[in-house]
Structures are given as C-alpha cells and as structure tokens.
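All of these numbers come straight from a predicted model, not from anything done at the bench.
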Amino acid sequence: MRSYAVEFIGTFFLVLTVGTAVLSEAPLAPLAIGAILMVMVYAGGHVSGAHYNPAITLAVLVRGRISMATAAGYVCAQSLAALTAGPLALWAASPQTRQPLSLSGHQLVAALVVEALFAFALAYVVLNVATSSSHPDNSFYGLAIGFTVLAGAVTVGGISGAAFNPAVALGGALAGLFDWSTLWIYVLANLAGGSAAGIGFRALHPQGAGPLVTAKERADARELTVPSGT
C-alpha cells in the first residue's frame, strides 16, 4: 500500500502541475512539468520506483521488474490520481476560455507518432537509469527522467500536447486540455511506446533484464555468505 500511495501522490502532483501550468498559460510550463516530475521521482523512487505513468509501468512490467498484480495496482493508483487532479486543476486555474486540443487528419497521425516516440524515449530512459543492474544506486536518475519530459514538451508540445502518459491525458481531458474524442490516441501511442521500450531494453541488455538487486540486498547476501566466527 505504501507503493500505491506514493504512485498516487506523484501522479497527482504531475497531473495537477500540467493542468494548472497549461490552463494558466505559464510561460515556463514545460520547465515546471519536468521539474515536478524530477522531484517526485527523487521523493518516491526508493519506495515505488516512481512510475507515475501507466506507460512506464507497462515498460517495467515487460522488462520483468514488477508483477502483473503490482502493475495493476499502480495503474489504478495513477488513474485515481488523474481523476482527482484534473478537475482540481480546472477549478484552480478557472480559465475564461479554453478550447480543448482536437486532432484530425495529418495532425492526428503526427500526434500519434510523436506521442509513441517520446513515450518510448521516456520509458527507455527510466529503464536504463532507474532499473539497470549496471548502476543500481546512481543519483542522476531523477534529472534524466525530468529532462526527458522537458525536452519532449518543448519539442512536440505544439503538435500533440506532449502527454507521454495516459494518466496525464486522462487528467488533461478532465481539465479541458484534450478533447475526449482524442483520448484513445494518447492511450494507444503511450502504451505502445512503453511496451516497445521494455522489449528493447530486454533485447539490448539480456544479462541485466532480470530483477534489480539493490545495495541492501547485496549487503544482506554478503552477510549470509560470511563464514561463522570470522
């Protein structure tokens, strides 16, 4: 339950920041979004892995780091957070007029492509910096993850809205940022990108695709193997 609570808190503040920053037309909205993700990753990474994104959870599931039951619990917590934060963002920002992003034709196809690509990039970064056995105790993972979202928001925000996260898309729809008729685009593209990242990680790191061994687990293992009396 601690992990689910952490996933709820992190996703809640991510969706709330996205909604209020965009609805209030904050000039540094991409920076604020990348920053809140970074600090929430640092805050909750040691408890839940700090996914805050069903696409990341899917990538970690495919990578073999969590069980199906845990993944389902994470997605439920993330979805509940989005359902809570989206309306709150709309109420807090109280925009006078806001036209939800509606996609069609070339823009729809372009949004589908860029959302899948940047969801892949985000999940690929998470898997490599936060779950790789090559550096299990690094201190830069939050920066890497936050800056990936920042780069994506600046690069393709004007094309797709830069969700890269089905929970953000759900919360954004509730906040009036995305048209409900286009929600499937974000769900499909983001989950496809996440699953592709999980498959890619396993292919590129066949020796490191198993469960992550933490420093504490290594220390415990050493204690168990030390002969008695030494």
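With sequence neighbours excluded, the residues forming a side chain to side chain contact (heavy atoms under 4.5 Å, CB included) with W184 are L108, L188, listed by chain and number. For I199, the side chain to side chain contact (heavy atoms under 4.5 Å, CB included) partners at least two apart in sequence or on another chain are V62. For N53, there are no side chain to side chain donor-acceptor pair (under 3.5 Å) partners two or more places apart in sequence or in a different chain.
By the 4.5 Å heavy-atom criterion applied to side chains, F118 and L122 are not counted as neighbours. By the 4.5 Å heavy-atom criterion applied to side chains, L61 and M68 are counted as neighbours. Using a 4.5 Å heavy-atom threshold, the side chains of T131 and R63 count as touching. Side-chain contact between V126 and V129: absent, with no pair of heavy atoms (C-beta onward) separated by less than 4.5 Å. Using a 4.5 Å heavy-atom threshold, the side chains of T182 and L101 count as separate. Within the 4.5 Å cutoff, side-chain heavy atoms of H205 are placed close to those of N128.
More than 12 non-hydrogen atoms from other residues, nucleotides or ligands lie less than 6.0 angstrom from CH2 of W180.
Of the candidates N165, T11, L83, T11 is the only one forming a side-chain contact (heavy atoms from CB on, under 4.5 Å) with Q78. Of the candidates L58, V75, V60, V60 is the only one forming a side-chain contact (heavy atoms from CB on, under 4.5 Å) with H51.
Taking the six-membered ring where tryptophan is involved, the planes of Y74 and Y4 are perpendicular, since the angle between them exceeds 60° and thus also 30°.
If you look at Y141 and Y42, their ring centroids are closer than 6.0 Å. A centroid separation of 6.0 Å or more is found between the aromatic rings of F201 and Y124.
Under a hydrophobic-cluster definition in which Ile, Leu, Val, Met, Phe, Trp and Tyr are linked whenever side-chain heavy atoms come within less than 4.5 Å, directly or via other members, V168 and L88 are assigned to the same cluster.
To the nearest 0.5 angstrom, S181 atom OG is 8.0 Å from L103 atom CG.
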